[in-house]
Every structure is written in C-alpha cells, then in structure tokens.
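Here's the structure we're looking at; comments come further down.
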Amino acid sequence: MVKKKEYINGLPDPTPLKEEILARYPRKVAKKRDKSMVINDPDADQEIQANIRTIPGIITQRGCTYAGCKGVVLGPTRDIINLVHGPIGCSFYAWLTRRNQTRPAEGEDNFMTYAFSTDMQDENIVFGGEAKLKEAIREAYEMFAPKAIGIFSTCPVGLIGDDVHSVARDMKAELGINIFGFSCEGYRGVSQSAGHHIANNQVFKNVVGNNDRPRKGKFQVNLLGEYNIGGDTFEIERLFEEAGIELLSTFSGNSTIESMEYSHTADLNMVMCHRSINYIAEMMEEKYGIPWIKVNFIGAESTAKSLKKIADYFGDAELTAKVDAICEREMAKVNAVKEAVKPKVEGKLAMMFVGGSRAHHYQDLFGELGIRVVSAGYEFAHRDDYEGRKVIPNIKIDADTRNIEDLVVSKDEAHFRDDLVAKKDSLEKSGYKFKDYEGMMPEMKKNSLVIDDVNHWETEKLIEFYKPDVFCAGIKEKYVVQKYGVPLKQLHSYDYGGPYAAFEGAINFYKEMQRMLDTKIWKLVDTPWKHEPEIVGSMTIEA
C-alpha cells in the first residue's frame with residue numbers, strides 16, 4: 001500500500017491500482033473503462049475516452065439530461081417560471097438543490113423558490129398530457145403574471161410524444177408572453193451535458209437579442225458558466241462594480257431572462273464553465289461578433305489573472321490601474337490568511353470528481369495551500385475538458401450528440417460588431433488568447449490518475465490506495481466516503497458553505513480546509529463494513 005511519505009519526490013505510479021480496478025470487470029467492460037482511466041503525463045499527448053454512455057449496472061455520479069437543462073442552466077434564473085412537464089418527483093429533484101442564490105430588487109419577480117410541475121398521472125401517460133400542460137400554463141400566468149415561461153420535458157413526455165414546442169407556440173399566441181420549450185428528456189443524452197447544450201440552443205433562439213437596450217457602461221461584459229452557488233457570483237459582481245465594469249448578464253447565476261435579452265450588446269463574453277455554456281459563446285460570436293475568453297475566478301491568483309486579462313482586452317489605462325489596485329489590496333488580505341492556514345494543511349492529499357470545470361478550477365485553490373491533487377475527473381466532460389480545446393476537431397460525434405439540434409447561426413447584419421472583430425484580430429497578433437483553454441490533464445502532475453465518470457467501485461479502491469485527506473464530489477458520494485473516515489467537501493452545493501469564488505471566496509475556502517483537515521476526528525471513524533466478511537463475486541461469462 002502506498003504511504004504518504006513516498007509522495008515527497010512526486011506521485012507514485014498508480015499502474016497497480018488501475019490493474020486491480022480493471023481486474024474485477026468483465027473483459028469487455030474492462031476494455032471500455034481502461035480508455036477512461038489515464039495515468040497522467042503532462043508532457044505527453046494523451047487521449048482519454050469521455051462523453052460516452054455509462055455502463056449499465058455501474059453506480060455512476062452522473063445526472064440526466066433534464067437535470068443539466070433545467071437544474072443547471074435555467075435553475076438560477078429568477079424571472080422565468082420553469083414549468084416541468086412530468087411527474088412531481090422530477091420537479092422536486094431539480095428544485096434548489098444546487099443552492100443558487102439570487103438578489104431581486106424590491107418589487108422584482110423571483111420564482112426560484114417555487115417548484116412548478118404539471119404533476120403527470122397515469123391517465124396523462126395513457127391519453128396524453130398536452131391539455132393538462134396548457135391548463136398549467138394558464139394557471140401559472142393567472143397567479144404570477146411572469147414575463148416568460150419555460151417548459152421542460154421529462155422522460156414520460158418523450159415516450160408518449162407530447163409536443164411541448166407546439167404547446168409553447170399556442171400559449172405564446174394566447175397569452176402574449178415569451179413561452180418556449182426544451183426537449184430535455186432525461187434519457188436524451190449520455191449525461192447532464194446534453195441538457196446544457198439543449199438549454200443553450202433554446203435560450204439563444206428564444207431569448208438572446210430580444211432587447212436592444214442602450215449602453216450603460218464604458219466596458220460591457222457577460223459572464224458565462226457561473227451559477228452563483230453559495231453566492232459566488234456576488235463576489236465577482238462586487239469586483240466588477242468597483243473596477244467600473246458593467247456586467248450585463250450572467251448565464252446564469254443571479255440572472256434574469258430580461259438581462260439575457262440584451263446580452264448581445266456586450267463587448268466581451270467571459271466563459272468559466274466552458275462545458276456547460278460555450279455553445280452560447282460560440283453562437284454569439286458568430287451572430288454578433290462578440291469575442292470570448294476563458295476566465296477562472298476560483299482561486300485568488302486565478303482571479304487576479306482573469307481580472308487583468310479583462311483589463312488588457314479593453315486596453316484602458318484607468319481600468320488597468322483600478323484592477324491592479326484591487327488585486328494588490330485583495331491579495332494582501334488573501335496572503336495573510338494563507339500564511340496562517342498553509343502550514344497546517346500543506347502536503348495533504350485531495351481527490352476531485354465533480355461536474356463542469358470545478359475538478360479543474362479548484363486545483364488552483366488547493367495548489368495555493370500546497371495540497372496535492374492525486375486523482376481527479378469529471379462527471380460529464382468531453383475530451384476537450386481533459387485535453388484542451390485543440391482536440392475539438394478530432395472528437396468523434398456519437399449517436400447521442402446527434403440527437404441534439406445543431407443550430408445554423410447566421411450573421412446579424414443590424415447588430416454585428418465589426419469593431420470587436422477588428423479588436424480581436426489586433427490583440428491576437430500581440431499574443432492575446434481568445435476562445436482557448438488548456439484542459440485539466442496538461443495542468444495535473446505526472447502520475448496523477450485521471451478518471452472520467454468514476455463509479456462507486458473505483459472510488460472505494462482510490463480511497464484505499466491513496467488514503468486522501470479530503471475528497472471533493474457530490475451528495476451521492478458524500479456519506480459512503482465519510483464512512484471511510486475521509487471528509488468529503490461537496491463542490492456542487494458547497495455543503496451550505498461558500499462563497500468560494502474570487503478573493504473573499506479563497507479566504508473562505510482556506511478556512512474551510514483548515515477546519516476539515518486540521519482535526520483528528522476523521523481518524524476515529526470506524527467503517528461499518530470493516531469487521532464484516534466481504535462478499536466477493538467473479539464473472540463466469542463474457543459480457
């Protein structure tokens with residue numbers, strides 16, 4: 001068994017661990033999982049298998065397409081009624097589970113605290129639910145008078161053939177408000193990633209560009225792929241406001257449909273979680289000429305780099321001076337806390353298996369504390385999330401991806417920004433990078449074990465091999481991991497903590513890591529199965 005003292009001269013070769021994991025699988029399953037487990041070498045050009053269907057019978061961490069569409073992308077938007085067409089359980093599942101916070105102005109709509117559902121019953125499955133859906137829309141409109149209603153399909157809707165888009169068109173004509181549907185049945189894609197793509201398409205088609213609001217600031221930007229979990233967006237907004245940067249719209253933390261309508265008037269799009277939202281960034285550039293850059297506000301040093309990159313884009317001396325002053329002041333506060341915390345947690349071991357870009361971004365925070373990430377992976381990544389954007393042309397389009405509408409986007413002659421195109425060309429010649437990200441694997445240490453769509457069996461073996469000091473994942477893994485005597489930090493909902501973004505968020509995270517890691521209590525946990533006989537099976541057939 002690996003001992004932590006062996007990590008001083010680098011991470012040990014995890015080949016024996018990988019072989020032990022694969023040995024328990026049937027031959028065909030082992031062959032498939034082998035491609036999704038990479039012993040990392042940042043100097044090599046490695047390929048990982050990702051965005052494929054989970055093997056039946058494996059306990060995955062993934063969510064469904066509906067969860068990605070309704071729960072992730074549209075869930076944090078407060079002035080739209082998100083009406084779920086399906087059983088009540090689907091609505092309950094996607095209702096505020098990610099702790100997306102919002103701050104409506106006095107008198108402004110906020111429907112996030114409600115769960116709206118058609119509550120489909122057996123008779124609706126047999127005879128169809130479109131009539132019930134129309135009645136639900138009328139009832140919601142009469143009670144709340146929203147500006148917009150989104151209709152989200154669940155698995156039964158796709159199976160019986162209810163046409164939510166036809167219903168949306170009919171009700172939009174009847175009520176005179178923006179109503180649109182999402183064909184986001186849970187089974188439509190391999191994971192919640194398909195739901196992100198579907199949500200991007202429908203928001204772009206039905207919302208973006210509906211309001212040509214006049215300019216309100218000298219520097220207008222959108223922030224994409226930030227969902228305000230635990231108040232993260234509030235911290236970023238605070239910095240932008242002080243610097244004099246006008247944040248038009250966030251997709252979709254602390255967001256409104258109204259702000260998304262005039263998001264096409266921005267000068268720059270900034271993308272955090274590229275997996276969930278880069279589709280809109282790409283389409284806005286094609287239609288309106290708005291360039292996009294990759295940013296990361298997780299980690300103090302990453303926040304400073306992102307702010308300075310934004311200032312460099314605009315090339316304004318006053319903005320640059322403000323950003324530099326903010327970074328200098330905030331980093332002084334951050335470093336004071338880091339100096340107190342780092343000696344108590346440095347050298348600890350972490351593993352991260354989280355959705356979106358979090359398994360990548362949070363490595364910056366751990367690195368600031370000297371905590372080593374020995375293994376990491378995503379729930380619903382594509383290859384570019386691991387290997388970098390350069391591999392996109394070589395990614396094979398699978399059958400599930402073909403189920404998602406591929407929008408044909410054309411140039412909007414009335415709103416296209418030729419000045420932004422010229423600005424981008426000029427900056428690129430000077431070395432400024434647009435629409436680019438390196439991916440997780442090039443930035444991880446040699447011999448770290450990268451695993452896509454990690455499952456329960458693999459999680460157990462990882463814990464036994466590495467003996468991590470902290471495990472970052474979601475609620476489905478939380479209690480099993482903790483019964484191993486390993487603290488688990490949820491990076492999907494923050495365990496009622498946060499914010500962890502920007503400078504103040506980094507300070508909060510430092511203190512949280514000290515609280516979790518600088519304690520002896522976890523060593524006193526005795527796993528309930530430790531003294532029970534292990535039941536071991538073997539495969540006698542090829543599967």
Side-chain angles (χ1 to χ4, degrees), residues 2 7 10-22 25 29-55 58 60-62 190-191 193 273-275 296 298 349-367 371-392 394-396 437-474 477 481 491:
V2 175
Y7 289 34
L11 301 181
D13 182 2
T15 298
L17 169 63
K18 181 177 177 180
E19 292 175 349
E20 182 182 359
I21 289 172
L22 296 177
Y25 289 130
V29 173
K31 184 178 180 180
K32 188 174 183 180
R33 286 303 295 158
D34 180 45
K35 297 176 182 178
S36 295
M37 303 172 66
V38 173
I39 299 172
N40 194 53
D41 183 352
D43 296 324
D45 189 14
Q46 295 177 295
E47 179 178 328
I48 189 169
Q49 179 176 259
N51 194 39
I52 64 166
R53 296 180 185 181
T54 297
I55 298 165
I58 283 181
T60 179
Q61 295 179 350
R62 284 174 167 174
V190 302
S191 70
S193 176
C273 177
H274 46 266
R275 181 71 282 126
N296 178 19
I298 301 299
L349 308 180
M351 295 195 296
M352 284 188 284
F353 295 94
V354 200
S357 299
R358 293 178 184 272
H360 184 187
H361 290 169
Y362 272 81
Q363 294 194 40
D364 291 347
L365 263 176
F366 280 124
I371 297 174
R372 295 189 182 97
V373 177
V374 293
S375 185
Y378 295 117
E379 293 178 10
F380 50 79
H382 299 197
R383 276 184 55 201
D384 54 299
D385 300 304
Y386 289 105
E387 302 171 50
R389 191 169 175 81
K390 66 181 187 296
V391 304
I392 288 181
N394 301 321
I395 295 178
K396 183 180 178 181
Y437 44 83
E438 292 297 322
M440 185 170 72
M441 289 165 59
E443 297 185 7
M444 290 184 68
K445 300 294 184 183
K446 183 177 176 63
N447 281 338
S448 54
L449 187 58
V450 182
I451 306 179
D452 183 66
D453 187 24
V454 72
N455 59 55
H456 185 85
W457 157 248
E458 292 163 1
T459 298
E460 288 185 0
K461 302 313 292 182
L462 285 169
I463 292 173
E464 292 172 6
F465 182 84
Y466 285 112
K467 300 188 185 308
D469 297 288
V470 63
F471 195 107
C472 299
E477 305 79 58
V481 171
L491 292 184

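The first residue of the sequence shown is numbered 1, and numbering continues consecutively from there. Just so it is clear, the values below take in all heavy atoms, side chains as well, and ignore hydrogens, waters and symmetry mates.
Residues Asp384 and Lys390 form no side-chain contact, since every pair of their non-hydrogen atoms from C-beta on lies 4.5 Å or further apart. Contact check for Pro42 versus Lys446: side-chain heavy atoms found under the 4.5 Å cut-off. The closest side-chain heavy-atom distance from His382 to Ile392 is not below 4.5 Å.
To the nearest 0.5 Å, atoms CG (Asn394) and CZ (Arg383) are separated by 6.5 Å.
For Tyr386 and Tyr378, the distance between ring centers is under 6.0 angstrom.
With hydrogens and angles left out, the side-chain atoms of Thr60 and Asp453 include a donor and acceptor closer than 3.5 Å. Checked by atom type, the side-chain pair Asn447/Asn40 shows no donor-acceptor distance below 3.5 Å.
For Asp45, the CG atom is loosely surrounded, since the number of other residues' heavy atoms within 6.0 Å does not exceed 12. Environment of NZ in Lys31: sparse, with no more than 12 heavy atoms of neighbouring residues, nucleotides or ligands closer than 6.0 Å.
Minimum heavy-atom separation, Pro468 to Leu462: CD-O, 4.4 Å. What you find for Ser375 and Tyr466 is that their closest heavy atoms are CB-CE1, 4.2 Å.
No option in Arg33, Lys32, Glu458 other than Glu458 meets the side-chain hydrogen bond (donor to acceptor under 3.5 Å, both in side chains) test with Tyr25.
In this structure, His274 and Tyr437 have parallel ring planes: the angle between them is below the 30° cut-off, well short of the 60° mark.
Formation of a donor-acceptor pair under 3.5 Å by the Arg62 side chain with backbone atoms of Glu379 is found in this model.
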